[in-house]
Structure formats: structure tokens, C-alpha cells
Amino acid sequence: MQTHDAKRVEITIEQVMLRRLTEALETADVTGWSVLPVLGGSGRSGNWSRDGQISRGTGMVQVVCLIRPDKLDALLDAAFKVVERHIGVVCVTDAQVLRAERF
Amino acid sequence: MQTHDAKRVEITIEQVMLRRLTEALETADVTGWSVLPVLGGSGRSGNWSRDGQISRGTGMVQVVCLIRPDKLDALLDAAFKVVERHIGVVCVTDAQVLRAERF
Amino acid sequence: MQTHDAKRVEITIEQVMLRRLTEALETADVTGWSVLPVLGGSGRSGNWSRDGQISRGTGMVQVVCLIRPDKLDALLDAAFKVVERHIGVVCVTDAQVLRAERF
Amino acid sequence: MLDLALANLLSPIVLSFVLGLGAALARSDLAVPEAVAKGISIYLLFAIGFKGGASLAEHGIDLKLGLTLLMGVVLSFSLPLLGFALLRLLSGMSRTDAAAVAGHYGSISIVTFVAATTVLADAGLSSEGYMVAVAAAMEAPAILSALWLISRGSDQTEMSADLWREILLNGSIVLLLGAFVIGIATGAEGLSRIESFIVSPFQGVLCLFLLDMGLIAGRGLRKADVLDRGAIGFGVLMPLLGAGAGLLASLVVGLSAGGTMLLMTLSASASYIAVPAAMRVAVPQANPSIYLTLSLAVTFPFNLVLGLPIYLTVAKTVIGS
Amino acid sequence: MLDLALANLLSPIVLSFVLGLGAALARSDLAVPEAVAKGISIYLLFAIGFKGGASLAEHGIDLKLGLTLLMGVVLSFSLPLLGFALLRLLSGMSRTDAAAVAGHYGSISIVTFVAATTVLADAGLSSEGYMVAVAAAMEAPAILSALWLISRGSDQTEMSADLWREILLNGSIVLLLGAFVIGIATGAEGLSRIESFIVSPFQGVLCLFLLDMGLIAGRGLRKADVLDRGAIGFGVLMPLLGAGAGLLASLVVGLSAGGTMLLMTLSASASYIAVPAAMRVAVPQANPSIYLTLSLAVTFPFNLVLGLPIYLTVAKTVIGS
Amino acid sequence: MLDLALANLLSPIVLSFVLGLGAALARSDLAVPEAVAKGISIYLLFAIGFKGGASLAEHGIDLKLGLTLLMGVVLSFSLPLLGFALLRLLSGMSRTDAAAVAGHYGSISIVTFVAATTVLADAGLSSEGYMVAVAAAMEAPAILSALWLISRGSDQTEMSADLWREILLNGSIVLLLGAFVIGIATGAEGLSRIESFIVSPFQGVLCLFLLDMGLIAGRGLRKADVLDRGAIGFGVLMPLLGAGAGLLASLVVGLSAGGTMLLMTLSASASYIAVPAAMRVAVPQANPSIYLTLSLAVTFPFNLVLGLPIYLTVAKTVIGS
Ligand SMILES: Nc1ncnc2c1ncn2[C@@H]1O[C@H](COP(=O)(O)O)[C@@H](O)[C@H]1O
Ligand SMILES: Nc1ncnc2c1ncn2[C@@H]1O[C@H](COP(=O)(O)O)[C@@H](O)[C@H]1O
Ligand SMILES: Nc1ncnc2c1ncn2[C@@H]1O[C@H](COP(=O)(O)O)[C@@H](O)[C@H]1O
Ligand code: NA
Ligand code: NA
Ligand code: NA
């Protein structure tokens, strides 16, 4: 089956910042992503869990974007502006996708 | 620690198609996968969110399959038949796994 | 944008073993991870789904760790000790991260 | 009738819907978690089915039951044809989209039905308990009509025994009918045991559900640019035509005023559960934004706010209470 | 007794279970979201614990309390030994699987207990309020017996102080006992404040929970080929033997007819919360499909539909009401 | 007052909180799913808002309404300044952290408010229905003060029209005010329709919510080493000062004893919903563990257990009941 080179970018970010991130992605002309829930985790700012969460201030989500390799830099720049002062991590992997015309 | 080459295939697909996809995977002799919830996302057909979702018609999930590299083509063929006319994306990455006998 | 080599380790494990896994990770000096919910899946021990789950004995989660490449072996050793006798899968991919100082 | 419309407008139920609608339009982050919305919907289906069954058990099986069921099925089959013709007339959407939309209007919206029962109760009218079964019977036939309309246009559709099983056994039909049968089996005695769960708090729970429906409708409206003017007109006109067809069917059967109002409501309402799911599987090329937005953001609010008092007034006038 | 069985069979509770069972067997997509199922289970544990405590506070501490607790612990320790022997006799499953299964039958199912209290209430019988505490006390000891049985077979098991803490502080024990203590502390006055939350809607909420249990049992039955015929026989025979042991224990202590029925039910029921979790951690090589299917898809339905009326009849006959 | 404190301590509500606290401290795995916690919180906001509105509709609009709202806004603006000064005096935390914490204490905790209304009801006192609107009005101004304090320290903060919209339209404010308006619009008649949903089971639902709050507070306490001794002292002292300021404001306006107690409670309580979210967006460099732990694990329990009876006693003594 014919596949095409792509990049898979996974951005783990605070839920309160999600709208700002997706707006930045749209500005950077990235139009496809999926948001996955994160149950809990650990990092430099300690560990947390979504259980019984009632505060809107905490909690993270994972945004997965599949993009054409040449769009990577624009995406990372856009994402970085949002996560820069915030907690969260960005991870890029090489990938292959079907139906390249979608990206 | 000894690791083995494998492929990680991530299929983002509408929840209503999930059963059809897993049946197709089984037919293609793929027996291991995990299904992750997707909270929302954006693509060519606009953006959506799972919040307050009451219609069964919308909403996506992500199916992650780890497989031996030589099974990739059979898997992609099977998956493609299901996603072909439907919205959704398929992404393949090279991976290493422990306990290769499981795949 | 400047990125740095890293490994992305994805451990799919029974929820009852999660605390043991994260403790093992901490012992191996891995301090960053995110836990994602898994809705259902299939493997050598059959298929399962989280729907209407009332038993605490079943159900899986996915732990995603981004680490510096040189920490991989310590992590895999730690993870393996926990998953060894248990069901679950471990998958490693090459990745690039922003803000390397965090890992 | 104006009084009635005003009273309806000022009911906690409608106002909760309006609150949700306003919050979504103002882009508040107010949201009902998916699991909670599903939990409430399970509660409503169980309660409405059970109460229908218990009421049937109490008042005895009506000879009209079979005939009404038949009428419901006929309505569900035929309304999509009417809807399709109307849409082709009014709107510029594609044949496939038009057929998919039309299918939604042959099927029913259970929350609209639930809201209608509370309007009836407020008006002091009773109705045939088996209307719940009629609601269930009307869910699926419309899907067949929609698929037939689409296949005529030689577009591909995927229809299989498998999909049929899925449609007929979809959770909401099974729960509604199952609870209905339990209600029949346990009757008034069973009802008395769980009354303080399924009767007393019912209207309050419905408020929260309608809050969520308002949020969904509001989010839908923000995407309403997928609809042309003709489509929006259809979303208001079609329920009235549907209600008219329901009224005729009711006259043929000879239902009470309450039953008539419910059959009009069922005919007027548009599905947002069973039909969208079936369309996604069978006709993925039809645009879900169109049919979901029309059903949830145009027709549902119209029925809730204006339709229900209209149907009630007409039913009372035509049948007498 | 036949009357009683029939009445039980036609209760909304049992019928809701049957509805879920049927829906799952027919492969309907009806499902209760995990969060909702957990929410309902928190409600049930809180309500049943609180009511037990409040009833204890009202009727005064009974001298038999300590003795009954002791009996519960003894039953929980010893029933797995009986179960293990029986399983080795009837079924071809491995030592490890047999021991893991046996452990489940020494422990208890809190929903079966809850259903039993509603059967008692319907029969107009009261029971000792502290039976809730006995239920909690019986959850864990069986795990120890199971692990001892497995380690005898020189199979590896992982048992640590850490795991013990986890078992003894598992959410359902803590909530049940905690609510029990709150009930004791606040008594009738506390109960009156939250009565319309934990008493009146209780049976209705239980219906929805049993609907979900039916769905789970039905999904389990579809995988029932992991069980050989002997195992299925065990799933029906063991509760009867357990109930017999519970009856003896009750006679030793001198419980009321209601209390006797509850102790029989606890002994007859099999765990599906605390024990599976402990087994997954300590004995991962035991197949969870076997013990979960037996407990949820064979013994739970048996107890709910046939067991409860049997235990009630026996208790009333032996003790007098 | 000791009697009152004891009665409060032994209420099911406070004991449920203590149960959750103990379970979390003992590291039990007892947990309330996020969706359930959010569902309950929607219920509580809707119920408390609606009841406030209905009570206002019944007793007529009070001329003091506007003045009390103004006082609430003034309190919310000014308490952070007091809090900031106090924190700089008592604790070694950074300017930014201190300002962020102070912002939380100008805003309000709606559950504390809800608990206060049940304490009032138990004491047989009524209060001005519009206190709910005052609660909503006090949520946001404190955020402005906190950001002003931070920007003075020339630290960067990100403040935009966008963020303001987000704060003012956050779900809990919208739901509370929306339900309040619905309550006014539908009045006693609307209330009677949904009374058995929002009034009778209210205290019971609150118990489960406080169980969850206890779990959260307990988990927070396990991380309490982020707080120095001065910070913990602040968490207990600040509510008392806040209550004092609330009392003064109430005397200016001339509220009833019940209203005074509620205004004291609002002033004494610290936000854990609106303010943390705003701080995460605007001041990410402030440590959320500090402000969440102080607000949820120190001040909330203090208010619930000791604060409420104190505020009630003071209000009754000063105003007379
Ligand atoms: N190395 C990592 N791998 C995966 N997730 C991480 C990692 N570091 C941080 N995270 C996630 O990002 C959140 C915030 O991280 P931090 O900014 O380091 O406190 C954590 O709670 C995790 O959910
Ligand atoms: N490039 C992408 N990266 C990640 N997820 C995507 C991407 N494109 C689409 N998706 C997901 O697939 C869904 C349907 O996409 P589409 O078929 O383009 O409308 C979206 O709502 C996303 O959840
Ligand atoms: N090849 C695989 N790819 C992705 N997930 C898997 C795979 N194999 C197993 N899993 C996950 O791990 C669980 C247990 O697998 P197993 O130990 O093979 O029964 C499954 O239910 C899946 O959720
Ligand atoms: Na219709
Ligand atoms: Na037992
Ligand atoms: Na305050």
C-alpha cells in the first residue's frame, strides 16, 4: 500500500491552553489534529491526576497532529509560542500516512 | 534490553466504524490492538468535540496496533477498506518492542 | 526550530499495575510521563472494553514517557520488571523534542 | 394559544434549554461531560418507557394499539419522501445530503417526545401509554426510505444485514422498549416502588438534559453557515407538515387528544441519535454537519418552544379534551 | 416459595437485569458509561452503609455484633477451601485458576447484598443494621486463603504489605465502612436529612445498576466458552453450599430471620471488585476471564433470580419471622 | 457556639468530607470519576441558583440588592490586597505566588456557600435570595487585583480581552446566574415542579460532593510540604479576616442575620475553580500547588468545620435572628 512521509507531532499541554493552541495551529495553516485526554502524569512540576478534578485550572490533554514534513517548522514555531511559558512537552516522530492529499 | 523491530499503526476513525475496523483487523490476522478515546479534533470536515455528545453519529477513537513489520501491508489493506470512504487518518511509525513473541 | 533526540516509550499496562510502574520509573530516575486512558483492546488474553466496567481488576492504561536516549535502558529494565509477569506491551520510537533541558 | 406558548416559554425546561443555547452562543466553556449526558439519557429513556408500560398495564391494552403502531411505521416510511421533495424544492443541497436529512425527519426525537409528555401533564391531559412503543417503532423505518432515495440516485450506499441489526438493536430503542415491557410486567405495583426515582425528579432531570441540548444546539448554530436559507426554512416548515400528517393518522386511528398531540410531536420531530449513526455508516459521503445542525439546532428548538404549544392547541381543538 | 420466586422474578430490579442481559446477548450497543456505573456504585455503597449505621444507632449495639463479625471472617477464610476442593472435583481448570476462583466465593458481592435487602424490605422483614459491617469484614480474608492455596502449589505469587494495604483500603470497603460509621454517628436525625436521597430513590437507582450488571453478565456469557461444564455447575452449586454454611453460622450466633438471610446471601455471593483486583496483582497467571465470568455471568444471576427467594424462604422457615 | 460547632461537626455533610479526607490520607484508591464530580457540581450550581431566584421572586426584589452586589464587588477587589500584605508578612513565598494566592481569597468557593446555606436552613434562618447573585459577582474582580499586584512587580502576565471573556463566561458563573434568572422567571410555580429534584435530595447529593472534596483535600495535604508554616497560618487567618470584612460590609448594607452569615462566608472562602484557571493562563509561572493546596486543603476544611459555625454565631449575635 502506498504511504507518504509525514511528521507526527504530539503536544501535551494544559487543558486551559487548548483553545489557544488550536488557534495558533490554525494560524500556522495546520488544519488537522486530534485531542486525546490525559488521565494524569508527572513532570518537573510534580504529579497530578484527573480523578475527582473539580478545578478547571489543572489537567492536561494531548494534541496529535499529522502533517507534511515541510509544514513542521511552522507548526513548531506556532506551538512553541503557546507552550513557551507554560508547562507541557512537544514530541515529533517520523511517520508514514495513507491518503497524503489530506495533509 | 533486547528489543525487536515493529511497526506502530495508529488509526483515527469514527466510533461507529470501530467494530467494522476491528473485524477487518482480525480477518487480516492482526490480533493485538488498543483503543484510545479522542476528545475532539479538526480535519477537512470541520472540528468537533465530545462534550455533551448525545448523538451516536459523531465522535472518533484511535486504534493503536503494534505489529511485526511483515504484517504491515496486510493490516493497511484491511484498514484501508474500512476507512476508504470514511473520514479518518492512518499513521505508521517505526518502533521497537519488548517481548517480540507477542506480535 | 531546534529539536533534540529523544525516545518515546509507550507502555500499555493494566490499571491495577499503574502505581507499581510509576514507582519503578521513579526508581529508574525517570521523572516525566503522561497516563492516557485505554477504552478497550485485544491481545493474547482476548478482548475487553471499559464500558460499564465495575470490576477494578480489568482495564488498561497507556503510559507515555519521553526520555533522553541514554536513559532508555534503565527505563526498559524498570518497566520490564513490572510488566514481566503481567499482560501489556512496551513500544519505543525515536523522537525529537523541544526544550531538551526538561528530560 | 398565546397564553399556552408563553407558559411553555416560561417553563423551567424551556428556559434551561435557552440558558444552554445562550451559553454556547456566547462561547462560555459550560459543558456537560459526555458520560453525564449519556447517563441522563439512559435515565430518561428508562423512565419514559417504564411509565408508558405501567400506564398501559393499568388502563388495559387498547385495540387501537396495533393500528397506531402501523400508522407510526407508515409515517416514518413516508415522511422522508415528503421531506426529500420539499428539500429539493427549497434548498440547493445535494441529492445525497437531502435524502440523509429527509431520513432524520421521518424518524423521531425522544427528548421532544419527553418534553411533550410534560407539556401534556401540565395541561392535565392523559394519553395512551403505548405511545412510547409507537415512538420506538418510528425510529428505524425512515432510515430505509432515506437509503432508498439515495440508492435511486445511483450513489453508493452500504447496507447490510449487519447494519440492520445495529439499527434495530441500537441502545435507545432497546432501552425504551425494554423499560416499556418491564412497566407492563410490573404495572402499578412496580411503578410505586420506583416512583420516587422515575416520576418525582423527572422534570428536574429533564431540565439538566435540556441545558445540555441547548449547549449542543448553540454550538451547532455557530456552524450554521453550512445551511442555506432554504434548508433553514425546511427545518421549520417540515415539523409543521409532519405534525399535520400525524394529526391525519391520529384521526384515522381515533386517538385521544393527548395521544394525538404525541403522535403529532413524533411526526414533527427529527432524529439525532439512531439516524445519524446509521447515515455515518451507510452514507459517509453525506455531510453530518448539515443533518445534525438542522435536526438539533433548528427543528429541535422550534418544536420545543413553538411546536409543542401549537400541536397541543390543535389536538385539543380538533379532538376536544 | 414458588410465589416468592415469581414475585422476585417480576420485580423491576430483576427485570432490569434481564433487560441488560438480553441486550448484551443480542449484541445491542446499549452501554452504561464507566463513569456513570462508578457513580451509581458510589451511591449504593454510601446509601447501604449509611442506612446500616443509622439502623444500628437506632436499635442499639447488639451483643452479637462481635460474634457475627467473627463468623463472617471465619466464613470468608474457609469457604475458599471448600470451593477449591469442589472445583478440583468438578472442573478441569488448573490449580491456580481454581484457587483464584475459590477466593472470589469466600468474599462477597455487595450488589447481591443490596438486592437482598430490598427483597427483605418487600417481605416486611427487618435485619441487624451491622450486617453491612459484616459484609465489609468478609471482603478480604478470602484473598489470603486463595493466595495460600496457590502458594502451596509452589506457583509464584506476589504478596506484600503494600498489596495488603491496597486490599484493605480499597475504595468500596472504605466507603461502605465510612458511611456505616457516619450513619452510626448521625443516627436517625442524620438519616432524616438525606432520606430523600438515599432511601426513596434507592430501588430505582438499583434498577439502572442492575441493567448495567446485566449488560456485563451478558457480555461475559458471550465468552463463556472459557468455562467447562464442571465450572458452570460449580457456579450454581457453590452459592447453595455457601448459603448453607452461612445458615449454620447464623444459627450459632442467633441472628434474626432477616439477618440470617443476609448472612446466607453474603456467603453465597462471589466478589467481582476487591478479589479480581488483588488477583491481577498477585497472581497474574490466573486467567481473569474464568473468575470474572463465573462470578458475574453465572453466580450473580443465579443468586439474583433464584438464590435470593430460596435463602429468604429457608431463613424464614428455619428461624421463623 | 460549642454546641453549634459540634452539631456541625456531626452533620452527614461534614462527616462525608472527613471520610474523603481520611481515605485520601490513608491512600485508599477511593475516587469519584471526573465526569461524576462535574455532573454533581452542575447539579449543585443549578439547584442553588434556581432556589435563590425562586426565593427572590417570592419575597420581591429588595432595594438592598444593588448595594449588596456593589459591596460584594468591592470585597472581591480589596480582599486580595489585604491577603497579599498578610502573606508577605507571614510567608516566604515569592511575590508572584503571594499575589496569585491572594487572588483566590478575594474570590469565592461556591461549595462553601452551599454548605453555609444548609447550615442556615438547619438553624431555621432565612436569607436574601439574591445572595447567589452576590456570589457570582464576587468570582471575578479578585482576579484583576491579583494581576495588578503581579504586574506591579514587573513580572510578565498575559491579560487580554479574550481572557476576560473566558473568566466572565466561565461555566460556573454562567450556570449559577442562568439558573438564578430562571428561578426568578418561573418563581414558586417553577420551583414546585422541580422541587423533588433540586430541593429534597440536595443535602444527600452534597454529601457525595463533599466526599469528593475530602478526597481532593486529602491528596492535597499529602503534598502540603509546598507550604511553609506562615502560608498555613494564612490559610486559617485569612478567612477570619475576610469574614470580618464581610460582616462590616453587611452592616453597611443592613442584611438579615442569614444574609450576613452568607456574605461572611463568601468573603471568608477561597476560589478553586475560576481563579486557578485564570492564573494558569495569565500567570503560568505561579506555582499551582501552592494556591490549590491552600485553598482546597487548608481554607476549605477550616471553613467547613469551624468557620461556618463561627460565622453563624457571630452573625446571630451581631444582627439578632
Ligand atoms: N518526559 C515526559 N514524558 C511524557 N510526559 C511528560 C513528560 N514530562 C512532562 N510530561 C507531561 O507534562 C506534564 C507537565 O510537565 P512539567 O512541565 O514537566 O511539569 C506532566 O504532568 C506530564 O503529564
Ligand atoms: N492531520 C491530522 N492529524 C491528526 N488528526 C487528524 C488529522 N486530520 C484529521 N484528523 C482527525 O480525524 C478527524 C476527521 O478528519 P477529516 O476526515 O479530515 O475531517 C478529525 O476531526 C481529527 O480528529
Ligand atoms: N499488538 C498490540 N498492539 C497494541 N496493543 C496491544 C497489542 N497487544 C496487546 N495490546 C494491549 O494489551 C492488552 C493485553 O494484551 P495481551 O497481554 O496480549 O492480552 C490488550 O487488550 C491491548 O489493550
Ligand atoms: Na418525525
Ligand atoms: Na461468598
Ligand atoms: Na473570599
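Lettering of chains follows the sequences in order, A, B, ..., and the numbering in each one begins at 1.
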Legend entry - Proximal component of B/Val64, with respect to chain C [non-hydrogen, under 4.5 Å]: side chain

Legend entry - Proximity breakdown for B/Val61 and chain C, heavy-atom pairs closer than 4.5 Å: side chain

Legend entry - Residue of the set C/Val89, C/Val92, C/Ile11, C/Leu76 for which side chain to side chain contact (heavy atoms under 4.5 Å, CB included) holds with B/Leu98: C/Leu76

Legend entry - Contact check, side chains of C/Arg8 and B/Arg8, non-hydrogen atoms, under 4.5 Å: yes

Legend entry - Most contacts with chain B, counted as non-hydrogen pairs under 4.5 angstrom, among C/Leu72, C/Val83, C/Asp94: C/Val83

Do you know which two heavy atoms are closest between [X] and [Y], and how far apart they sit?
X       : Y       : result
C/Ser42 : B/Thr31 : OG-O, 3.0 Å
C/Glu84 : B/Arg99 : O-NH1, 3.1 Å
B/Ala95 : C/Cys91 : CB-SG, 3.7 Å

Inset, instruction - Give, for atom CG of B/Leu18 and atom CG of C/Leu39, the distance between the pair rounded to the nearest 0.5 Å. - result: 8.5 Å

Legend entry - Top contributor to chain C contacts, counting heavy-atom pairs under 4.5 Å, from B/Leu25, B/Thr22, B/Leu36: B/Leu36

Inset, instruction - Report yes or no: does C/Asp73 contribute a side-chain atom to a donor-acceptor pair with the main-chain N or O of B/Met1 at less than 3.5 Å? - result: yes

